[in-house]
Amino acid sequence: MGVAGGPIRVVVAKPGLDGHDRGAKVIARALRDAGMEVIYTGLHQTPEQIVDTAIQEDADAIGLSVLSGAHNTLFAAVIDLLAERDAADIKVFGGGIIPEADIAALKEKGVAEIFTPGATTASVVEWVRGNARESAGA
């Protein structure tokens with residue numbers, strides 16, 4: 001998980017068929033500008049591709065952006081695959097059009113944080129800084 005003492009490494013991903021990536025790019029740029037290493041996977045990624053990338057890139061966190069309504073399925077698949085691949089220490093956070101009613105269930109499943117429309121880039125950066133390496137004791 002990330003290089004100890006090095007910059008926080010975050011994979012920003014757009015899972016599923018959702019083709020709108022402006023928000024993901026804004027978050028990726030904000031994290032980069034805050035000194036983090038960001039790997040943006042691009043559109044239409046499968047949960048398997050996202051988890052493979054996070055493991056290969058030694059990521060501390062995965063940020064998922066979903067606007068299609070498939071967040072329950074896609075977030076759960078990423079969490080499950082991380083557990084199967086012995087990489088559950090990689091924090092998963094997400095954002096997009098996610099109904100308030102779904103947030104508690106996503107967190108119960110293992111999503112560390114959800115950012116809904118109106119969240120500031122500063123709040124995302126602050127959360128990642130404070131939580132991405134939490135389980136590693138950094």
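For the numbers below, each heavy atom of this structure counts, side chains included, while hydrogens, waters and symmetry mates do not.
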### Task
For His44, look at atom NE2 and say whether over 12 heavy atoms of other residues, nucleotides or ligands are found less than 6.0 Å away.
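Yes, the 6.0 Å shell around NE2 holds more than 12 heavy atoms from other groups.
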### Query
CD of Glu126: more than 12 outside heavy atoms within 6.0 angstrom?
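No, the 6.0 Å shell around CD holds no more than 12 heavy atoms from other groups.
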Please round to the nearest 0.5 Å and tell me the distance separating atom [atom1] of [X] and atom [atom2] of [Y].
X	Y	atom1	atom2	value
Ile79	Ile90	CD1	CD1	10.0 Å
Leu31	Arg129	CG	CZ	9.0 Å
Gln56	Ile39	CD	CD1	11.0 Å
His71	Leu106	NE2	CG	5.5 Å
Thr41	Gln49	OG1	CD	8.0 Å
Asp102	Thr116	CG	OG1	12.0 Å

[X]-[Y] co-clustered via ILVMFWY side chain contacts under 4.5 Å:
X	Y	value
Val66	Val51	yes
Ile27	Ile98	no
Leu64	Leu67	no
Val111	Ile62	yes
Phe93	Val78	no

Could you tell me which non-hydrogen atom of [X] sits nearest to which non-hydrogen atom of [Y], and how far apart they are?
X	Y	value
Ala34	Val125	CB-CG1, 3.6 Å
Ala83	Ala88	CA-CB, 4.3 Å
Met36	Val128	SD-CG1, 3.5 Å
Leu74	Pro47	CD2-CG, 4.1 Å
Ala76	Lys109	CB-CE, 3.8 Å
Ala112	Lys107	O-CE, 4.2 Å

### Donor-acceptor contact below 3.5 Å, side chain Gln45 vs main chain Leu43
yes
### Query
Okay, side chain of Lys14, backbone of His20: is any donor-acceptor separation there less than 3.5 Å?
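Checking the backbone N and O of His20 against the side chain of Lys14, a donor-acceptor pair under 3.5 Å is found.
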### Task
Give the intermediate values and the outcome of side-chain contact (heavy atoms from CB on, under 4.5 Å) for residues Lys25 and Val12.
CA-CA 8 Å; Lys25 288 179 178 177; Val12 175; over 6 Å; no
### Query
In chain order, what residues pass the side-chain hydrogen bond (donor to acceptor under 3.5 Å, both in side chains) check against Asp33, with sequence neighbours excluded?
none
### Query
For Thr121, which residues count as a side-chain hydrogen bond (donor to acceptor under 3.5 Å, both in side chains) partner, sequence neighbours excluded?
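So Thr121 forms no side-chain hydrogen bond (donor to acceptor under 3.5 Å, both in side chains) with any residue.
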### side-chain contact (heavy atoms from CB on, under 4.5 Å) between Arg32 and Val10, intermediate numbers included
CA-CA 9 Å; Arg32 182 206 65 192; Val10 182; over 6 Å; no
### Query
Relative to the ring of Trp127, is the ring of Phe115 parallel (under 30°), tilted (30 to 60°) or perpendicular (over 60°)?
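Aromatic pair Phe115/Trp127 classed perpendicular.
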